[in-house]
Colleague: 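I have a structure I would like to understand better, so I am pasting it below and will then ask my questions one at a time.
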Amino acid sequence: MPRTTLAVETVAEAILEILRVRGVDYVFGNSSTSVIDAFAKSSASQGMTAPRPVMTPHEQVAVAMAHGAYIATGRVQAVFVYSTVGTANALSAIINASRARVPILVFSTRTAVSDNCAVRGARDTHVHWSQESFDQGAMVREFVKWDYELRTPDQIEEIVDRAIEVALADPPGPVYLSLPRDLLALPMSGISLDIPSRRMVASRRFPDPQAIEAAADILSAARKPLVVTAELGRDPSAVAALVELCDAAALPVLEASPLYANFPAAHPCHAGYVFGTQVYPGLADADAILVIDCDVPWLPSRTSIAEAAQIIQLGVEPFYTAYPTRSFRCDLPLVADPQVALPLLAAALRRRIPARDVEARLKQRRLSHAELRTQWSSASESERTRPSIGFQWASRCVSELADDRTIVVNEYPLDLRHAPPRGAGSYFGASHAGGLGWGFGAALGAKLVCPDHTVIATLGDGSYFFAVPSACHQVAMAQNLPLLVVVFNNGGWDEVAKSTLSAHPNGWAATTKHIPMVRFDPSPRFERIVEAFEGYGERVEVPAELPDALRRALKVVREQGKQALVNIVCQR
């Protein structure tokens, strides 16, 4: 296959050209001098740039935007950060991407190797000494799949393609490439590339046929089987595959701290959600559990799984080997792509379970499903007339805003019992790593790549603080990204307070009813922050006023094309 030669002037331009031909749409961040100059050349010569640079005033926002863009489209994006300090700012967001198995190409400048004034890009300012480190990649090495430093211009295609290859290989994740400042500035006359790339990694992993039959034996013989998942919906096509499985055997599905829309909430087999320290009572009674793409399917300190229960772990890497410890049992591994394995398992179950038995089970599931939804509805309705706004009522009001072209990005507060996702690809939750500040940036990334969708970011007040909100609002204004931000403002860290009382039920905090370092008192006027960035803000404290306030804000987003924020003062 003949190679293509592209004209470039510098190493930095060569890297951008490779990203362009490899299909990278955006470069987020704030970059080095030579990369900036290469973007300027591209803009001047073409009238537009590809990939498109999106300047973000903080590196955490840049990585979160790349994260949001990927989960909304399945297309990997790039981030450029500056040296050690930029890498440090990006680290929390890189950890989030790592634990969520989201591929991101993170490029970081590093201090020039040379201080010779005759070398373009050599050290020429104080920080080029003080920002240097012995091993810059060590800052992120535990949370990226691969890290490397570019050393010579003739490596460019090999190394950038390697970064893409590793990032996308199952299980996907972020990678990190450091780029010395003086190397980026080196002159080049051209670069020779394979177009298209001859290093494709996309493929489906099929299961062992005998393992499928063994799993079907376990599930068909079980009296109380259960499916537990958190991340199946990363691939929207896998949701339909799970529905096929449940239609074949009437298996109940529990979503454990879901990151995606994994299963239709209206399906009779949807058994509900658990978040944080919540416990699903059916787990202890289950005699067969199919765990699909779920790192923590239950909390051993709170739930005792029956010793005789058979545990099946399904996923492309169901053992989460990047986690230092994970002690969940696995009686039968199904190492495969769920989108491939689930239809095969459904077919095997149909051969074992008579249709009349499946229909009888589904009838019971419908009764349980309706009873549970009635309880949930009553709980949210009871908060309508309270003096202060409860999280259940607030979640229900947010849900009423959504239509089939709405994407919800949630960082912890939204109660999915009252705001179920409307379909596959419509909901994205925070990484289980818990690096706060992800949600706002991820929502911006989703809006950037899905401009025709309404994007709603639901954040806790702590998540909003950590998001570097001034940087996020700046990006929304500069890039014309109208989205609705809903802050569930309960004035502090409720989860930290609950955790303290759980660990020390008879401790000083419990007995004195004083829990230091968890409250944001006084709480700021978040709605005024967005106004500094030409957006619309509103504060709500009364339950009955919330629906209209949310509708007014959404009208600004949809009709005026401006960002909006609603500060919901919630019950503590």
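Worth saying up front: this structure is predicted, and the values here are computed from it rather than measured.
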Colleague: Can you tell whether the side chains of Asp182 and Arg120 come within less than 4.0 Å, N to carboxylate O?
Modeller: no
Colleague: Can His67 and Asn96 be counted as having a side-chain donor-acceptor contact under 3.5 angstrom?
Modeller: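 Checked: His67/Asn96 side chains show no N/O donor-acceptor pair below 3.5 Å.
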Colleague: For Asp194, is there an ion pair with Arg199 - N to carboxylate O distance below 4.0 angstrom?
Modeller: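 Salt bridge: no.
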Colleague: Name the orientation class of the two ring planes belonging to Phe107 and Phe80 (parallel below 30°, tilted from 30 to 60°, perpendicular beyond 60°).
Modeller: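 Parallel, since the angle between the ring planes stays under 30°.
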Colleague: Looking just at side-chain N and O atoms, do Asn30 and Thr56 make a donor-acceptor pair shorter than 3.5 Å?
Modeller: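 The criterion, which ignores hydrogens and geometry beyond distance, is not satisfied for Thr56 and Asn30.
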Colleague: Does Tyr70 have Arg234 sitting over its ring (NZ/CZ under 6.0 Å from centre, angle to axis within 45°)?
Modeller: no
Colleague: Does a donor on one side chain and an acceptor on the other come within less than 3.5 Å for Thr109 and Arg181?
Modeller: no
Colleague: Is it true that Arg101 and Glu231 have a side-chain N and a carboxylate O under 4.0 angstrom from each other?
Modeller: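 Salt bridge: no.
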Colleague: Can you find a side-chain donor-acceptor pair between Arg405 and Thr454 that sits under 3.5 Å?
Modeller: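 No pair is found: no donor N or O on one side chain lies under 3.5 Å from an acceptor on the other.
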Colleague: Could you walk me through whether Val76 and Leu105 pass the side chain to side chain contact (heavy atoms under 4.5 Å, CB included) check?
Modeller: CA-CA 7 Å; Val76 67; Leu105 310 175; 4.1 Å; yes
Colleague: With a 4.0 Å cut-off, would you call Glu157 and Arg22 a salt bridge?
Modeller: yes
Colleague: List the steps and the verdict of side-chain hydrogen bond (donor to acceptor under 3.5 Å, both in side chains) for Asn489 and Ser523.
Modeller: CA-CA 8 Å; Asn489 179 6; Ser523 179; 2.9 Å; yes
Colleague: Are the ring centres of Phe520 and Phe465 closer than 6.0 Å?
Modeller: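 Between Phe465 and Phe520, which both carry aromatic rings, the centre distance is below 6.0 Å.
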Colleague: We want to know whether Ser108 and Tyr176 form a side-chain donor-acceptor pair, criterion being a heavy-atom distance below 3.5 angstrom.
Modeller: yes
Colleague: Counting only heavy atoms not in Phe533 (residues, nucleotides, ligands), do more than 12 fall under 6.0 Å from its CZ?
Modeller: yes
Colleague: Does the separation of the ring centres of Tyr260 and Tyr427 fall below 6.0 angstrom?
Modeller: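 So the answer is no for these two rings.
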Colleague: Answer with yes or no after comparing the ring centroid distance for Trp493 and Tyr412 against a 6.0 Å cut-off, counting only values under it.
Modeller: no
Colleague: Walk me through it: do Ile94 and Val79 pass the test side chain to side chain contact (heavy atoms under 4.5 Å, CB included)?
Modeller: CA-CA 11 Å; Ile94 291 172; Val79 174; over 6 Å; no
Colleague: With heavy-atom distances below 4.5 Å as the criterion, would you say the side chains of Val455 and Cys450 are in contact?
Modeller: no
Colleague: Could you walk me through whether Asn89 and His58 pass the side chain to side chain contact (heavy atoms under 4.5 Å, CB included) test, one step at a time?
Modeller: CA-CA 7 Å; Asn89 281 343; His58 195 280; 3.7 Å; yes
Colleague: Any pair with a residue in residues 3-24 that passes ring pair (Phe, Tyr, Trp, His ring centres under 6.0 Å), sequence neighbours left out, goes on the list, sorted by first then second residue, please.
Modeller: none
Colleague: Could you walk me through whether Thr458 and Asn410 pass the side-chain hydrogen bond (donor to acceptor under 3.5 Å, both in side chains) test, one step at a time?
Modeller: CA-CA 5 Å; Thr458 53; Asn410 175 42; 2.9 Å; yes
Colleague: Between Thr321 and Glu317, is any side-chain donor less than 3.5 angstrom from a side-chain acceptor?
Modeller: yes
Colleague: Does this structure show an ion pair linking Lys562 with Glu534, if we count only N-O contacts that are shorter than 4.0 Å?
Modeller: no
Colleague: So Gln560 and Tyr536, side chain to side chain contact (heavy atoms under 4.5 Å, CB included) or not? Walk me through it.
Modeller: CA-CA 10 Å; Gln560 298 182 30; Tyr536 173 84; over 6 Å; no
Colleague: Quiz question: by atom type and distance under 3.5 Å, do the side chains of Ser114 and Asn116 form a donor-acceptor pair?
Modeller: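 Result is no, nothing qualifies.
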Colleague: Is it true that the side chains of Asn262 and Glu255 contain a donor and an acceptor less than 3.5 Å apart?
Modeller: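 Side-chain D/A pair, Asn262 to Glu255: present.
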Colleague: Within the 3.5 Å criterion, strictly below it, is a donor on Arg52 or Gln479 matched to an acceptor on the partner's side chain?
Modeller: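 Present: a donor and an acceptor within the cut-off.
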